Amino acid sequence: MRVVTEFRARFDAEPAVVGSAPGRVNLIGEHLDYNGGRSMPIALEARTYAAAAVRDDGLLVVESLQTDGRVEVPVEELDDRVEGWAAYVAGVVWALELDACGYSILVDGQVPSGAGLSSSAALECAVAMAVRELTGSTVSRADLVAACVRAENDYVGAKTGSMDQTVAMFAEPGNALLIDFANGATRPVPWDPPGELLVIDTRASHALVGGEYAERRSSCDEAAAELGVDHLAAASLEQVNLLTDLETRRRAHHVVTEQARVVEAEAALRSGDWAEFGRLMTASHASLRDDYEVSVPELDLAVEAALEAGALGARMTGGGFGGSAIALVPPGLDAAVQDAVLAAYASEDWQPPRFVDASAGGPATVERITG
Ligand code: GLA
């Protein structure tokens, strides 16, 4: 494994473990995790790897195969904040609060970053798996999810929900994962579409640390407070219509209608009704575009072109403001859909998007290399 041989070369030591965790695409249920709703993501086959060993000098030393440079910080001084991509690694070590002298960690991130495919959660979860194994800790996967979310929310400063880390830890190959954020329950839902789930990475910029995501989140909190519900996803449409501020009402309208779509989408998947599943995907996109207002022209055009070329459904996936769209493409139409999206982008003079065929991969794992 490349990350193991590179670790030996860079640290002049054997790695003890390699943790790895997948990226994800969310099939439906967007912006519902922090609203006590439901989401149904799949884990991707693409993963991030973290080779690691304990060190006895009290330092956390981090390198990546994707970026130059080395970050070195005393574990005791992690509170002083590490910046940049290594903050995700430092944040997990900080949040886990496990006793160890120090760690050497080499990252091989094979989940494309900036594509809205959750490369950051993959990195956090790979590191969490590695560090748990290194320290012999018995904390549960659910606790690792919580630590990774704390790392992202309180250390990196991105106020995201827990969907990405939950699917990275609990995915089952060949299945989507229905996550109910009202009670933390998860269950697999068989995912075996006829044809392909095509991921269209628009390459439009995407950064959740920016204020837009946090703004959406606080609109939802305000709406829930005004309605007197614990979670906005539990509100009814009648209640939503009582909200006084029109923008807040639109945001809440997305949340409540999206929650209903996830319930229908799970039923459609279980009964193999792919046309209905596609219809729900497309309706989800319209709601994210018009009510939640987190789409961008690049995502809208990808969705439109894919549908015109015969996709059963298409939508943006993830937080929005760039990143990727997904299209449910019937057998034999993959090339036609890709061509249609490329042509649409060319006519706008936009850089061509990247395509990936996504299938449902497995959860985070850890492997012992020595000792
Ligand atoms: C990002 C966040 C998730 C979730 C999605 C929107 O991916 O990391 O927690 O809120 O946006 O569904």
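Just so you know, ligand 1 is whichever comes first in the structure, and atom 1 is the first atom listed for that ligand. Source: prediction; values computed, not measured.
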Exercise for the section: Begin from the C-alpha positions of E293 and R251 and carry the test salt bridge (charged side-chain N to carboxylate O under 4.0 Å, His left out) through to its verdict. Expected result: CA-CA 8 Å; E293 295 181 281; R251 306 291 186 248; 2.8 Å; yes

Practice task
Nearest heavy atom to atom 8 (O) of ligand 1 wins, so pick from D164, D33, V167, N26.
Solution key: D164

Problem - Atoms in ligand 1 flagged as close to Y34, the criterion being non-hydrogen separation under 4.0 Å - result: 10 (O)

Handout entry: Close-contact set for ligand 1 against M163 heavy atoms, below 4.0 Å
Key = 4 (C), 5 (C), 12 (O)

Completion exercise
Smallest heavy-atom separation, G161 atom then V149 atom, equals O-CG2, 4.2 Å

Handout entry: Ion pair D154/K159, N-O distance below 4.0 Å
Key = yes

Exercise for the section: Classify the angle between the aromatic ring planes of F11 and F7 as parallel (below 30°), tilted (30 to 60°) or perpendicular (above 60°). Expected result: tilted

Handout entry: Shortest non-hydrogen contact between R150 and A95, atoms and distance
Key = NH2-O, 2.9 Å

Exercise for the section: Report the part of R24 (side chain from C-beta onward, or backbone N, CA, C, O) that has a heavy atom under 4.0 Å from ligand 1; answer both or neither where that applies. Expected result: side chain

Exercise for the section: Flag G161 as yes when one of its N or O atoms lies below 3.5 Å from any N or O atom of ligand 1, and as no otherwise. Expected result: yes

